[in-house]
Every structure is written in C-alpha cells, then in structure tokens.
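Note sheet for the following structure.
None of these values were measured; they are calculated from a predicted model.
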Amino acid sequence: MKRFTAHSEAPYYAYAHAHPDINMIKKLHSNSATFDSDLAKLLAFEAAQDPKIEATARDILANVKSHGDTAILDYTMRFDRWTPTSAGALEIDQRTLKSALGGLSQPIRAALETAATRIRLYHERQLHPSWQYTEADGTVLGQQITAIDRAGLYVPGGKAAYPSSVLMNAMAAKVAGVAELIMVTPTPDGIVNDTVLAAAELAGVDRVFRIGGAQAVGALAFGTATIPAVDKIVGPGNAYVAAAKRFVFGQVGIDMVAGPSEILVIADGKTNPDWVAMDLFSQAEHDEIAQAILLCPNADYIADVEASMERLLATMPRATIIRASLANRGALIHVRDLAEACEISNRIAPEHLELSVENPEALLPKIRHAGAIFMGIFSSESLGDYCAGPNHVLPTSRTSRFSSPLGVYDFQKRSSIIHVSPKGAETLGKVAATLARAEGLEAHAQSADMRLKS
C-alpha cells in the first residue's frame, strides 16, 4: 500500500539513514549459514509508536469529540496555516469538483478516466449476491449482504497527493453500494490540489472537506455539526493519522494501518536487467524505509541488475531517497532455484510480488502470501499502482499472511438469515436445549423448549 508524506505531515516512521552508495545494498545467499538470521534482520521492522505522537493523537481526538467544529477550525488554522471563515467553509462544493475535472488537461483527464473505468470493472467482479437455501423441513438459511451506509476516505494533501488512491478507495466503495462517501483532505496554506478534486468527482465522492491529520479522523469517527460521522474510515496518512485510526477502531471500522512500501522480484535471469532495476526503484523511491528485494538463482544476472541500478540511479529525481532505501532495507538474494525463491517469498509475504520469469503460471501455485502478484516480464508493479484495475491498497509488513487487498468486500457487511420452520423447530429445539443445559443456560434451553410444546 502506498504511504504518503504531505506538507506538515511527517513520514510514518523515523529512520536514521546516511546517503550511501548503491553498492551498499545487502547481498545475501540462501546457502549461507547465517541466511535465516540475515533475512530476519532484513525484514524486521516495527512501526515506531512514538509515545508523544500517541499522546498528541489522543488529545486531538478527545478535543474533537468534545468540541466538534470549534476544535476542527482551531487545528486547521494551527496545522494547515489557513483560516476558514466558518465550519461551512471547510466543505468543497460539487460545482468546484466539477470545475476541477473540467479544468484538467486532456491527457491527464483521459488517463484518469481510463484508470477509473478499469478499476470499476475489476471491482464489479467482486460483487456477490445475497443467498439462501431451503432444507427438507422448510427451514431457510442464508446470508444477506449489504453495503456500509457511510464511509470516510482520508486523502493526504499538498504536493504529496495521489489522485490514483482516490480512485482506488472511492471506486471500491461506490461499486459496493456505499450510500454516502465523505472525503477529507488537508489543504496546507489554503492550496487545493485540483487533480485530487477531479478524481473525487470522477469517482463519485459525495462530499469533500478540507481537513486533515488526527482531527480529520476524529471528525469522521465522532461527527461534528458540519461533518457527518461515518461507519468506516479508509485511506493512509501520517503518523498522527495512523495513531488516530488505531484509537477510533471499534467506534468505527478501519481498513488497515499502512506500513512501508514493498516490492519483491523473483527473476529467472531472462528479463532485461534495466527493467528489474527500475521496478526495484519504483518502490524504493517512496521513502527511505521502503523495501525492494530481488531473488534470483543466477549470480551473473544479479550482478547485471546491480550494474543497471548503479547506472540508472543517477537519472532518478529521487535518487537520494532510492539510495537510502536500498541501503537500509533492500537486498539482492542469490537462491538455489526458483522453487526456493517461492519458499523465501512466502516467508517475506510481500506487498507487491513480481514473477519476472518465462513461465510465471508454473510458479503461481507455489505462492501463498502476497498482496498482489504481477505475472511475467511485462507486468510492472507501476501498472498495478495506477490503471491495471486491481486495488493498489495492499497489506504490508508481512500482513498478506492473513489479510487481503482493499476491495468491495471491505465496504460490505454480511448478516445471517435464519428462518426456522415448525418442523425445524422440533429438531433444532431439542439439540439447542440439550446443548444449552450442558452449558448451564436454562433460559436458552426453555426458549427452545417452548417452541416444541407449541
């Protein structure tokens, strides 16, 4: 999942780093006696939950809960450095959203529209209908699937704003049938990002408010006189946003707390090494704690990729960040064969996995844990970030072992349907009463028994 650093929003995690040369990227070999411990150190990463950040986020949430719009206006003036005339001025009206979409250059608008269409079509395939079945005695069992009434989407603001993430989050919610989607985004120094607003209009966002930080999470969770409370909050933010989302979970649902971006490439040595080098860069450029790893059984090819990285790095606008990221958490790993590469990949459980091999279908059954799997040499991770169709909000920090990409299902709920027939009550009532008495719950037992007597 992408993480963002926007205006006064500090990065998610503090991480000390120098600016080393690219040849400081770690080089590991799976046959090394210390490989297991070396890999564990490479993967070890804990989100630093700074006590000061935690305390500040708690204070902000408490203030928003108690004082509503007054607190929101105060924090907007303090942190975003502009003064709304009233709480109502925090909302961006639909006409402004339409104007932002209409004002886009033709190439950007066409790209956004293409991406939006592909994202919508993919997510429509995730829709599942409610279902029921009838047993022999007439008892009906089933499941009713309904959408969340109102969802909140947090979008970082300023220079580090990403319209692609607006599309990914909002399109999934709208396809799911969410009745109202509320977007919050900070506008530091009063500057609005028109491309983000255009994406919101294109995706069908219902209301947009110019607020950010932990205070925006609080407004969505608790509601104010101006900003309605939601049922679930999605979207990434800075350390204060992440802390606030953790604290309001239970009051509302949340999608996940994002970790550092990750890419793992399994290569057989036949892909252009420049392509693999750039794919590794594509995640390393997010920040100094992103992770980029190559697994390959061909030592000569690993050297070729490293040479490509050395040569191409100088052409990158974010070369300093890439260099630090690769030195901090990157690795080139020589493995025995592709089967072992898959085993190691499952241990890593990456956010993005590229199977940059001649026959990716042969490896796919061996992959158990990955957020998104990119098959073959032409499937660059960047296509998944923007326009392939599947959601780019993905589990990070090995959480793909037990969680999935954001999807339509994240904006839906399932209710069990139990319609017991008179005959069914006889059979099930006896079973329920027996089990209830075994648990010492007599009211449960008699509740079932009374139906038997009727």
Side-chain angles (χ1 to χ4, degrees), residues 58 61-62 64-66 68 123-153 169 172-182 206 217-224 227-234 244-257 368 393 395 399-454:
R58 283 187 186 276
L61 291 174
V64 171
K65 188 173 185 178
S66 298
H123 285 78
E124 284 176 350
R125 290 179 174 269
Q126 294 180 343
L127 282 168
H128 291 289
S130 301
W131 52 269
Q132 296 182 3
Y133 65 91
T134 303
E135 297 184 323
D137 62 14
T139 294
V140 176
L141 302 175
Q143 188 176 78
Q144 178 167 284
I145 299 175
T146 56
I148 289 170
D149 288 339
R150 184 184 286 140
L153 168 56
N169 285 273
K174 282 301 180 179
V175 169
V178 172
E180 189 174 23
L181 181 58
I182 310 297
D206 297 287
V217 174
L220 291 174
F222 309 127
T224 72
I227 301 162
V230 302
D231 302 303
K232 188 166 189 174
I233 300 172
V234 301
K245 284 174 69 177
R246 286 195 297 270
F247 293 145
V248 301
F249 177 65
Q251 173 82 22
V252 294
I254 64 171
D255 51 351
M256 61 184 79
V257 177
R368 300 190 309 280
V393 181
T399 58
S400 66
R401 292 174 297 120
F402 54 81
S403 59
S404 307
L406 188 76
V408 166
Y409 36 77
D410 287 295
F411 297 96
Q412 293 179 321
K413 307 170 282 92
R414 290 157 293 281
S415 302
S416 301
I417 297 171
I418 305 169
H419 186 177
V420 180
S421 69
K423 287 186 177 181
E426 290 184 30
T427 304
L428 296 177
K430 293 175 183 177
V431 174
T434 299
L435 292 176
R437 289 191 171 97
E439 293 184 352
L441 299 175
E442 183 60 26
H444 279 68
Q446 291 195 31
S447 174
D449 281 343
M450 286 178 178
R451 270 72 176 179
L452 296 177
K453 295 174 184 177
S454 68

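The CD1 atom of Ile227 lies 13.0 Å from the CZ atom of Phe222; values are rounded to the nearest 0.5 Å. Between the OG1 atom in Thr146 and the CD atom in Gln144 there is a gap of 6.0 Å [rounded to 0.5 Å]. In this structure, NE2 in His128 is found 10.5 Å from CD in Gln143, a value given to the nearest 0.5 Å. Expressed to the nearest 0.5 Å, how far NE2 of His419 lies from OG1 of Thr139 amounts to 8.5 Å. Atom CH2 of Trp131 sits about 8.0 Å away from atom CG of Leu141, to the nearest 0.5 Å. Here the straight-line distance linking atom CG of Leu428 with atom CZ of Arg451 works out to 12.5 Å at 0.5 Å rounding.
Ile254 and Lys232 get closest at one heavy-atom pair: O-CE, 3.4 Å. Residues Ala448 and Gly429 approach most closely at CB-O, 3.6 Å, considering heavy atoms. Taking both residues in full, the closest heavy atoms of Ile417 and Gln132 are given as CD1-NE2, 3.6 Å, listed atom of the first, atom of the second, then distance. Here the closest heavy-atom approach between residue Ile233 and residue Ala221 is recorded as CD1-N, 4.1 Å. Residues Asp231 and Ile148 share a closest heavy-atom pair of CB-CG2, 3.5 Å. Between Ala176 and Ala147 the shortest heavy-atom distance is O-CB, 3.3 Å.
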Requested in this report: Would you sort out whether Phe247 and Val217 count as a side chain to side chain contact (heavy atoms under 4.5 Å, CB included), showing the intermediate values?
Outcome: CA-CA 10 Å; Phe247 293 145; Val217 174; over 6 Å; no
(Q) Using the rule given for salt bridge (Lys or Arg N to Asp or Glu O under 4.0 Å), can you reason through Asp449 versus Arg437, listing the C-alpha separation, both sets of side-chain angles and the distance that settles it, and then say yes or no? (A) CA-CA 11 Å; Asp449 281 343; Arg437 289 191 171 97; 2.7 Å; yes
> For Arg414 and Ile145, what are the C-alpha separation, side-chain angles and deciding distance, and is it a side chain to side chain contact (heavy atoms under 4.5 Å, CB included)?
Replying inline: CA-CA 5 Å; Arg414 290 157 293 281; Ile145 299 175; 3.9 Å; yes
Please assess Asn169 against Leu406 for the test side chain to side chain contact (heavy atoms under 4.5 Å, CB included), listing each intermediate value before the final yes or no. CA-CA 8 Å; Asn169 285 273; Leu406 188 76; 3.3 Å; yes
**Asked** Could you walk me through whether Asp206 and Lys174 pass the salt bridge (Lys or Arg N to Asp or Glu O under 4.0 Å) check?
**Response** CA-CA 10 Å; Asp206 297 287; Lys174 282 301 180 179; 2.7 Å; yes
* Pair Leu435-His444, side chain to side chain contact (heavy atoms under 4.5 Å, CB included): steps then yes or no -> CA-CA 9 Å; Leu435 292 176; His444 279 68; over 6 Å; no
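In this structure a side-chain-to-backbone donor-acceptor pair under 3.5 Å is present from Ser421 to Asp137. In this structure a side-chain-to-backbone donor-acceptor pair under 3.5 Å is present from Thr434 to Lys430. Between the Ser403 side chain and the Thr399 main chain, a donor and an acceptor come within less than 3.5 Å of each other. Using a distance-only test at 3.5 Å, with no hydrogens or angles considered, a donor-acceptor pair links the side chain of Lys245 to the main chain of Met256. Gln126 places no side-chain N or O within 3.5 Å of a backbone atom of Gly407 that could act as its donor or acceptor partner.
Counting heavy-atom neighbours within 6.0 Å of Arg125 CZ, excluding the residue itself, gives a total of 12 or less.
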